[in-house]
Amino acid sequence: MPIPSDDALHAALARVNDPEIKKPITELGMLEAVDVTDDGQVQVTVLLTVPGCPLKDTITRDVTAAVSEVEHVTGVDVRLGVMTEEQRGALRDQLRGGQAEREIPFARPDSLTTVYAVASGKGGVGKSSVTVNLAVALAEEGLRVGVVDADIYGFSVPRMMGITQAPTQVDDMILPPVAEPSGVKVISIGMFVPGNQPVVWRGPMLHRAMQQFLADVYWGDLDVLLLDLPPGTGDIAITVAQLLPSSELLVVTTPQQAAAEVAERAGAIALQTHQRLAGVIENMSWLELPDGSRSELFGSGGGQAVADSLSRSIGAQVPLLGQVPIDVALREGGDHGTPVVAAGNVDGADDTPAATALRGVARQLARRGRGLAGRKLGITPTARASS
Ligand SMILES: Nc1ncnc2c1ncn2[C@@H]1O[C@H](COP(=O)(O)OP(=O)(O)OP(=O)(O)O)[C@@H](O)[C@H]1O
Ligand SMILES: [Mg+2]
């Protein structure tokens with residue numbers, strides 16, 4: 001009695017696609033064994049990617065149909081197994097084209113991107129305004145800049161940067177919208193929730209969202225990544241410290257002493273998470289009056305006080321990077337989606353008072369660049385040889 005040939009059986013099985021991945025099971029390492037008895041009975045063992053795969057009936061049916069058509073087959077018996085962790089890993093690698101799985105590029109030890117997390121102890125002090133303006137100013141300094149709106153509950157970055165387009169998805173990769181003309185790449189949870197709905201997420205989901213923003217978004221090569229954090233010292237701040245241990249904090253405060261104390265607490269988080277403190281930015285420092293005098297609406301000295309106090313507690317100099325005055329143009333820029341430091345004004349000649357101050361902060365950050373000064377190096381200093 002003639003029996004079905006191996007070649008014919010494999011050709012038939014190569015036409016069976018995994019219903020989810022849409023590729024032949026023979027290419028995915030899912031075909032474990034094909035046994036043929038003398039009377040033409042064929043037993044096919046298929047490995048499912050996960051146990052209890054909801055599509056196992058589909059696979060069984062498709063394999064049965066394909067094999068039944070082969071000449072001399074008298075019966076088909078499909079057995080299902082499950083891939084080992086190793087086999088699954090190999091499949092994942094194969095699908096990702098050899099790329100490491102969901103790696104956060106900025107967390108690699110050889111990453112050249114400086115990551116700043118913009119934080120504050122309390123809300124409404126101007127974190128988002130500072131973030132978007134620094135992003136644009138840094139881009140105008142010639143750096144490649146990305147912004148993550150990490151304020152999941154109060155996302156505001158897309159509006160402030162005038163971004164209305166949604167991210168494009170290519171397989172499991174998200175292409176971030178680009179703000180023009182600055183070329184700053186921006187991603188925000190606001191781009192994924194329809195119609196400004198409030199987002200109510202718990203810690204683990206926040207962690208996952210951040211992980212995705214950092215790993216699945218195609219950022220390309222960035223010089224600087226800015227993260228606009230929600231106010232306070234909550235889950236997101238801790239998540240950021242975990243996912244990006246080399247990120248540095250930029251603390252925003254107002255001149256008010258009460259606000260300064262809160263900002264200090266935000267900065268003190270850096271001590272626990274071992275993040276570096278890049279510096280303090282005081283916002284709403286004063287209002288310039290038409291006669292050129294300054295009205296200190298919210299008090300004075302808060303920014304310097306926070307910088308001094310943080311310097312003392314971490315035992316290293318934390319600079320006050322700038323004082324940003326109250327400036328109607330800054331608020332309007334945010335409302336209209338055109339950051340006040342932006343465009344048509346690259347030389348800064350026509351800058352408003354707030355834009356001048358923010359550009360000054362950006363220059364200092366750009367100068368810090370990627371120097372190794374103050375960076376945590378993976379080496380332990382040894383005692384100096386005495387000469
Ligand atoms: N220097 C400034 N001059 C004038 N208006 C300002 C200034 N800084 C911020 N604002 C305005 O204050 C409001 C709050 O600013 P922003 O949203 O940047 O603060 P935030 O710290 O990000 O707030 P939240 O904690 O809600 O995220 C905005 O309307 C913004 O336009
Ligand atoms: Mg904000």
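Remember, it's 1-based here, ligands and their atoms both numbered in the order they're listed. As a basis for the values below, the full set of heavy atoms in this structure was taken, side chains included, without hydrogen atoms, waters or symmetry mates.
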So which of Asp327, Leu330, Asp335 gets nearest to atom 3 (N) of ligand 1, if we judge by its closest heavy atom? Asp327
Does a sphere of radius 6.0 Å around CG in Asp221 hold more than 12 heavy atoms from other residues, nucleotides or ligands, not counting ones at 6.0 Å or beyond? no
More than 12 heavy atoms from other groups under 6.0 Å of CG on Asp38: no
At a 4.0 Å threshold, what atoms of ligand 1 neighbour a non-hydrogen atom of [X]?
X	value
Asp151	27 (O)
Arg331	5 (N), 29 (O), 31 (O)
Met284	8 (N), 9 (C), 10 (N), 12 (O)
Pro231	25 (O)
Gly123	25 (O)
Pro325	1 (N), 2 (C), 3 (N)

Are Val118 and Leu227 packed together at the side-chain level, in the sense that at least one heavy-atom pair is separated by less than 4.5 angstrom? no
Ligand 1 versus Val328, non-hydrogen atoms closer than 4.0 Å: side chain, backbone, both, neither? neither
Residue part near ligand 1, for Ala354, under 4.0 Å between non-hydrogen atoms: neither
Under 3.5 Å donor-acceptor, [X] side chain and [Y] backbone:
X	Y	answer
Glu32	Val46	no
Thr113	Leu222	yes
Ser285	Pro325	no
Asp149	Val157	yes
Asp228	Ala150	no

Could you walk me through whether Arg359 and Glu141 pass the salt bridge (charged side-chain N to carboxylate O under 4.0 Å, His left out) check? CA-CA 9 Å; Arg359 211 181 283 282; Glu141 292 285 315; 5.9 Å; no
Mind checking the CE-CD spacing from Met210 to Gln242? Nearest 0.5 Å is all I need. 11.5 Å
Answer yes if a protein heavy atom lies under 4.0 Å from atom 28 (C) of ligand 1, otherwise answer no. no
Atom 7 (C) of ligand 1 protein-contacted (non-hydrogen atom, under 4.0 angstrom): yes
Does any donor atom in the side chain of Glu282 or Thr253 lie under 3.5 Å from an acceptor atom in the other side chain? no
Before signing off on this row, confirm whether [X] and ligand 1 have an N or O atom pair separated by under 3.5 Å.
X	value
Ser156	no
Ser120	no
Asp228	no
Gly124	yes

Starting from [atom], what is the nearest protein heavy atom, named by residue and atom, and what distance separates them?
atom	answer
atom 18 (O) of ligand 1	Ser129 OG, 2.5 Å
atom 17 (O) of ligand 1	Met160 CE, 3.6 Å
atom 20 (P) of ligand 1	Lys127 N, 3.4 Å
atom 19 (O) of ligand 1	Gly126 N, 3.0 Å

Any N, O or S atom of Ser128 closer than 2.8 Å to the Mg ion (ligand 2): yes
Residue from Gln87, Glu86, Arg88 passing side-chain hydrogen bond (donor to acceptor under 3.5 Å, both in side chains) with Thr84: Gln87
